[in-house]
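Lettering of chains follows the sequences in order, A, B, ..., and the numbering in each one begins at 1.
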There are 2 protein chains.
Amino acid sequence: MAITIADVAREAGVSAMTVSRALREPGKVSAKSLQKIRSVIDRLGYVPDPAARALAAGRTNVIGVIVPSVTNNVFADVMAGIYSRAEGTDWQVQLGNSRYSPLEEERLVRTFLSQRPAGLIISGIDQSAATAAALRSASCRIVQVMETGPEPFDMMIGFSHLEASRAAARHLVAAGYRKPGFIAARLDPRTQRRLEGFRDIVREAGLIDPRRIITTPRASTVTLGCELTADLLARAPDTDAILCNNDDLAMGALFECQRRGIDVPRQIGICGFNDLEMMAVANPAVTSVKTYRLDMGQRAMEMMIAALSGEDPRETWVDLGFEVVARDSTRGPAPVSRIV
Amino acid sequence: MAITIADVAREAGVSAMTVSRALREPGKVSAKSLQKIRSVIDRLGYVPDPAARALAAGRTNVIGVIVPSVTNNVFADVMAGIYSRAEGTDWQVQLGNSRYSPLEEERLVRTFLSQRPAGLIISGIDQSAATAAALRSASCRIVQVMETGPEPFDMMIGFSHLEASRAAARHLVAAGYRKPGFIAARLDPRTQRRLEGFRDIVREAGLIDPRRIITTPRASTVTLGCELTADLLARAPDTDAILCNNDDLAMGALFECQRRGIDVPRQIGICGFNDLEMMAVANPAVTSVKTYRLDMGQRAMEMMIAALSGEDPRETWVDLGFEVVARDSTRGPAPVSRIV
DNA sequence: TTGACAAATGTTAGCGCTACCATATAGCGT
DNA sequence: ACGCTATATGGTAGCGCTAACATTTGTCAA
């Protein structure tokens, strides 16, 4: 039926082993054989069977990637970075979607590991005990992305969500806002840490007010940003700034304020998180915490490929940092409100 | 090293074949054996090796999915739909990202087919000749998503981009706009057809003006929507409506108009494409052509699974349609401009 | 020409599983 | 008790490839 390595070997007048070598270690095959084999491969359209390869060699060229969402911009960008660095190499990316479920993540890790992957790229540092155990005893390389933390399984690249939200909160306080609130959807561990960062700084400044912290387990959307903003303003109408857990919510907050005739930034300041390109062109332009998502994916893949190629003494723990990009939406409250 | 089926068989006091059957056709194994085998599997933590399975059986449980982009909302939604229907089944989704390149798509199809997938879900109807040939001679089931067209390789689910953009253009004309323009980024085949639909209707209405059609090969972003709108207004300042090839561009158009103090919808009407949830909460709410992306992914997977389960006499060609959701952004031009 | 060594190529066995067919066992009517 | 069928289980072979070792061929100095 399909062309096998034996067919190629016969046509080329060499043994199967030589064909196998020509494919994987061309340097160990004479130029003459190599040329002949390659022409036969082209003519017959031979493609090696990865299953047979995996079974015989005991390993694959698969790099598994596990993300909590495929629709969330953040992970989509990381994925795009990963794919862009995989393209043109022999490494094959395989994507798993855990849908924010630790159980599903555990199942995915098991499935991946049963395939003897060359490597695994996994999001975050909050794996379940079972998942962590499986990963620790895994024989493949691992890169954790999205966050930095103290005890990587292997390699790690991300940034501190805690520090990032602290910086954003500090920015709001420094801009003169005195009644800042926080809205968040989908309370995953990263969101939790961002809320923690907000709490730290606002408490420190003596501005904490639990009424101004609104969260929901629902998935984040712009529409939800409107709703959470409405909730916040219903519970604490004098709120003068909103730190939004992501940019979708921030856009929603902006739209809701516009609709109510609330002046942004003079009555309410708005700050987002991730700095989607959209934020810079909104009216007013929205302040956000810039994160390096595409870069994260690309460099995660680079680290993985370097490690798999045996170039071990490379960086294995990278903090990409972040940047609070101050824009008009947090230029500060109206002077009059400070006087009152 | 790892647990194999032979280990399980030995522990359970049966042959490897019986274990294999217990896993794939439990109905053909006695209740007693089944129970024993299952308890041993649990105890040892046995997971079948998919490579060995694939090699022995000559087929896999992999369903390959090829999309042109992982960051584009549209494909992300379709992917989410696909993943949601795959969860809990034994089918394993494997994602390929062609990055809008026909060559990369061809490579991906070859790679997937070499793995003897159970099925392939591929975007669109514009495959290269080589890709089409490979797909036609493939022995797996195929679902084409995103578009409808006359000659599916196998199964198909999508909608007519031509008809959708015609409907949107008709809506603009019916709302009273007389100088409609069109902006588009990333001229993939679907974009081309949408442009065609716009041209059809606007020409028919005697309102065509080539100056008002602005396209670019660059990837679509909100920022680019601003730029294209600026271009359009520079080339044809009297433009009174913009049909945007997608919602990112539409948001950009809206932001640009806001910045310039142009009244939407009275001076310029704006219509997007896809109806992202954001459109309904913008100010003004933006008209858009609603498409059923999540549904498309879910039903594509359902069709695939049904076909693979042998339930053949099901629907194999589905037009999901679309809906022009009219909102404030196209309520019509100011009366005064009609008098003039 | 010869031996020594490196480079190139071949042989054998087996990765873990399932298709296929053979055999054993149970259930049942007569 | 017998044969018959249906159900359950096992044995054998092989999927396509590569690791490990074995063998052949080429190269060069003495």
* To do: Return yes when atom CZ of A/R99 has more than 12 non-hydrogen atoms of other residues, nucleotides or ligands closer than 6.0 Å, and no otherwise.
  => yes
Mind listing the N/O atom pairs, protein and nucleotides 10-14 of chain C, below 3.5 Å?
unit_1: C/dG10; atom_1: OP2; unit_2: A/S15; atom_2: N; d: 2.7
unit_1: C/dG10; atom_1: OP2; unit_2: A/S15; atom_2: OG; d: 2.9
unit_1: C/dG10; atom_1: OP2; unit_2: A/T18; atom_2: OG1; d: 2.8
unit_1: C/dG10; atom_1: O6; unit_2: A/R21; atom_2: NH2; d: 2.6

* So, do A/T148 and A/W317 sit near enough that their side-chain heavy atoms are less than 4.5 Å apart? -> yes
* Find out whether B/F159 and B/M296 are in side-chain contact, i.e. whether some heavy atom of one side chain is under 4.5 Å from a heavy atom of the other. => yes
* Asked: C/dC17 phosphate, OP1 or OP2: any side-chain N/O from B/R59 under 4.0 angstrom?
  -> no
* Kindly say if A/S20 contacts the phosphate of D/dC17, meaning a side-chain N or O under 4.0 Å from OP1 or OP2. => no
Name of the residue among [options] meeting side-chain contact (heavy atoms from CB on, under 4.5 Å) with [X]:
| X | options | result |
| --- | --- | --- |
| B/I125 | B/E151, B/M156, B/M146 | B/M156 |
| A/L108 | A/N97, A/I66, A/L120, A/L113 | A/I66 |
| A/V67 | A/L95, A/I122, A/V78 | A/L95 |

* To do: Just compare C/dA19, D/dG16, C/dC17 and give me whichever is closest to any side-chain atom of A/A52.
  => D/dG16
* When the distance from CG of B/N61 to C1' of C/dC17 is rounded to whole Å, what number comes out? -> 14 Å
* Atom-to-atom span, CD1 of B/I3 to C1' of C/dC17 - whole angstrom -> 16 Å
* **Interface with DNA chain C, restricted to residues 24-41 of chain B and to heavy atoms under 4.0 Å** => B/R24
* Scan side-chain atoms only and decide if B/Y292 and B/D77 contain a donor-acceptor pair under the 3.5 Å cut-off. => no
* Euclidean distance, A/E106 CD relative to A/S101 OG, rounded to 0.5 Å -> 9.0 Å
* **Within residues 109-117 of chain A: residues closer than 4.0 Å to DNA chain D (heavy atoms)** => none
